[in-house]
Amino acid sequence: MSKKDGDFSDRVYWIVSQIPFGCVSTYGQIATYAGSARAARAVGNLMRQSLKNGQEVPWHRVINSRGGISSKGDTERAELQRRLLTAEGVEFGANQCCELDRFRWTPQEVFWDG
DNA sequence: TTAGTGACTGCAT
DNA sequence: CATGCAGCCACTA
């Protein structure tokens with residue numbers, strides 16, 4: 001453990017909170033902006049904890065690289081997420097995936113050093 | 001500090 | 001084209 005255990009997670013929460021209405025992002029993308037491009041898994045865990053911790057972040061706008069929803073057993077939460085995204089205008093195909101090229105969010109600010 | 005875990009991802013079968 | 005497998009990283013006990 002380090003002295004600052006809220007470094008990465010805080011950045012992730014902040015970045016996710018910056019995702020605008022009607023847009024989506026991927027775990028890997030969030031991880032990249034947070035500073036660790038390979039920490040997509042950790043981002044997923046943080047999102048799962050965000051619900052438990054009651055973090056006010058649009059966790060439903062974070063999906064996997066395929067443009068789909070990762071439920072890992074929690075089908076109820078998955079349906080909720082799909083419903084929320086659909087309500088925001090994100091269209092899901094029969095394969096339960098949306099077109100990332102069309103709905104992916106690209107931040108206009110630079111997060112890394114600069 | 002060590003070990004275990006998972007809402008990921010890309011490459012190989 | 002659909003599965004399987006092995007890295008990678010941060011968090012928790």
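Residue numbering restarts at 1 for every chain, and letters A, B, ... go by the order of the sequence lines.
- Taking the side-chain hydrogen bond (donor to acceptor under 3.5 Å, both in side chains) definition, one finds that T26(A) meets it with nothing, sequence neighbours left out.
- Spacing between atom CD1 of I30(A) and atom P of dG6(B) amounts to 22 Å, rounded to whole angstrom units.
- Panel note: side chain R104(A), backbone S25(A); no donor-acceptor pair is recorded below 3.5 Å.
- Within residues 36-72 of chain A, the residues having any heavy atom under 4.0 Å from DNA chain C are, by residue number, S36(A), R38(A), A39(A), R41(A), A42(A), L46(A), Q49(A).
- Qualifying side-chain contact (heavy atoms from CB on, under 4.5 Å) partners for E91(A), counting only residues two or more places apart in sequence or in other chains: R102(A), F103(A).
- Distance D10(A) CG to dC11(C) P: 9 Å, rounded to the nearest Å.
- To the nearest angstrom, P of dC1(C) lies 12 Å from CG of N95(A).
- Atom P of nucleotide dC8(B) and atom CZ of F8(A) are separated by 14 Å, given to the nearest angstrom.
- Contact between the side-chain N/O atoms of S9(A) and the OP1/OP2 oxygens of dA10(C) is not found at any separation under 4.0 Å.
- Every residue meeting the side-chain contact (heavy atoms from CB on, under 4.5 Å) condition with S71(A), not counting sequence neighbours, appears here in chain and number order: R77(A), A78(A).
- Applying the side-chain contact (heavy atoms from CB on, under 4.5 Å) criterion to N45(A), with sequence neighbours excluded, gives no partner residue.
- The distance from atom OH of Y13(A) to atom P of dC11(C) is 9 Å, rounded to the nearest whole Å.
- For A39(A), the side-chain contact (heavy atoms from CB on, under 4.5 Å) partners are F8(A), A31(A), S36(A), A42(A), not counting sequence neighbours.
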